[in-house]
Amino acid sequence: MLKIKKIVELRKILESYRLNKNIIGLVPTMGAFHAGHLSLINRARRDCDQVVVSLFVNPAQFSPGEDYNKYPREFESDIQKAKAAGVDLLFAPNEDELYPRKLLTHIEVADITDCLCGKTRPGHFQGVALVVAKLFNIIQPDKAYFGEKDWQQLKVVERMVYDLNFPVEIVPLPVVRDKDGLALSSRNQYLNQVEKRQALVISEALKMAADKIKSGQRYAVKITGLVEEMIAKTDGVELEYFSIRQPENLTEVKVIKRKVLLAIAVRLGKIRLIDNILVEVSDNVSDYAKEQNPSGNNYRG
Ligand code: AMP
């Protein structure tokens, strides 16, 4: 596996890949690899001739006062994990390499960044869009792999690619969870044993909400109320938001009629965790009602 820090050096190698007509896959990361990252790398490995992983804790996506300085940095073990996963090239630039001067150019994907994490982390998605655009221009991958764990980020990247005609295919991959349901995150390592147990309420609340929808509840406000209650009962966990959204444009859903995104963000002390789940709704007749009355007689959906 090649380890590269400089853009000029990287471009030379990528040029040789392209001369050989290799399909190049990019997995952008901030490091501290876990099975979520590895699922993206494994998929890229299957799809592509050359797998490039970028490892860069991007200061532009952290606001002052957020955990940029405390964000986990595990370069040596990340190298081992990337090697073991069959990565061809690890691009790990220093901050000066990506941001040598104050940037005068900004990328803002409007509307879909006004809600959810965009509301509580102003500027965050501008920072994400900026670094992803830079990585796409530097690496020019054929495919780029993103986790659905960061659903809003995925939508921002997809929209930026569409609006600005980046010649790259975005490949989304499902959320990877631990055996108890907690979505894997580099920040999970900061949870102590008690907090780890408390954090399970995140995926449990999503599951409870999904079950309510599956058994016929269609009013978002009712489901939101139940989630708020469940979180409020859990010591140490503070709800930042729970929201039911249309998965693609992230507009708020009041009455659930089709597939929805349930998105949640909580705080455990200083640690902020997010999660989400998609819930399919096939029609306006609830599965629960169908189960209770398979013939469908007398059901008024
Ligand atoms: P990060 O290093 O946290 O910026 O994440 C790099 C990529 O890995 C992003 O596309 C994330 O969405 C993805 N990712 C992080 N955690 C998970 C997870 N638990 N399951 C799937 N993908 C993930």
Side-chain angles (χ1 to χ4, degrees), residues 25-47 51-63 66-68 70-75 77-79 81-82 85 87 90-93 98 109 116-118 121 124-136 139 141 143-161 168-191 196 199-200 202-203 206 247 261 263-266 271-278:
L26 170 65
V27 182
T29 81
M30 298 207 300
F33 294 157
H34 51 65
H37 297 109
L38 297 179
S39 76
L40 307 185
I41 295 172
N42 291 340
R43 174 64 188 273
R45 185 65 287 162
R46 286 205 300 276
D47 291 355
V51 176
V52 179
V53 171
S54 62
L55 196 171
F56 180 65
V57 184
N58 174 34
Q61 69 189 68
F62 291 80
S63 304
E66 288 191 334
D67 59 349
Y68 174 68
K70 293 216 176 88
Y71 197 85
R73 287 163 173 85
E74 300 172 355
F75 195 49
S77 74
D78 282 348
I79 290 174
K81 287 177 189 170
V87 171
L90 187 70
F91 176 52
L98 282 195
V109 179
L116 306 176
C117 295
R121 301 188 72 189
H124 169 68
F125 289 113
Q126 279 188 0
V128 169
L130 180 69
V131 81
V132 172
K134 282 170 79 77
L135 290 168
F136 284 175
I139 296 162
K143 294 165 183 270
Y145 296 80
F146 288 85
E148 291 180 353
K149 155 82 173 18
D150 301 280
W151 184 269
Q152 193 174 15
Q153 167 175 286
L154 170 67
K155 294 299 125 184
V156 167
V157 170
E158 284 176 345
R159 189 58 194 247
M160 178 186 77
V161 162
V168 58
E169 179 194 342
I170 303 301
V171 183
L173 283 152
V175 183
V176 177
R177 302 174 178 282
D178 73 10
K179 62 177 186 346
D180 296 322
L182 181 64
L184 297 187
S185 161
S186 302
R187 291 183 170 101
N188 289 357
Q189 57 182 272
Y190 292 130
L191 301 170
K196 258 196 185 140
L200 296 184
I202 304 167
S203 57
L206 288 177
L261 171 80
I264 190 167
V266 308
I271 306 155
R272 182 177 181 278
L273 299 177
I274 58 171
D275 198 353
N276 69 77
I277 185 175
L278 289 168

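Just follow the structure's listing: the first ligand is 1, and inside any ligand the first atom is 1.
The side-chain tip of Arg73 points at the ring of Tyr68 from less than 6.0 angstrom away and within 45° of straight on.
By the side-chain hydrogen bond (donor to acceptor under 3.5 Å, both in side chains) test, Arg177 pairs with Asp275, sequence neighbours left out. Under the rule for a ring pair (Phe, Tyr, Trp, His ring centres under 6.0 Å), the partners of Phe33 that lie at least two apart in sequence or sit in another chain are His37.
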Considering only distance and modelled atom types, tabulate donor-acceptor pairs under 3.5 Å from the side chains of residues 53-60, sequence neighbours left out.
from: Asn58; atom 1: OD1; to: Ala60; atom 2: N; distance (Å): 3.3
from: Asn58; atom 1: OD1; to: Tyr99; atom 2: OH; distance (Å): 2.5
from: Asn58; atom 1: ND2; to: Gln61; atom 2: OE1; distance (Å): 2.9
from: Asn58; atom 1: ND2; to: Gly127; atom 2: O; distance (Å): 3.0

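Protein residues with a heavy atom closer than 4.0 Å to ligand 1 are Pro28, Thr29, Met30, Gly31, His34, Gly36, His37, Leu40, Tyr71, Phe146, Gly147, Lys149, Asp150, Gln153, Pro174, Val175, Val176, Leu184, listed by chain and number.
Side-chain atoms of Lys134 come within 3.5 Å of backbone N or O of Leu98 as a donor-acceptor pair.
The shortest side-chain heavy-atom distance between Tyr145 and Ser39 does not fall under the 4.5 Å cut-off.
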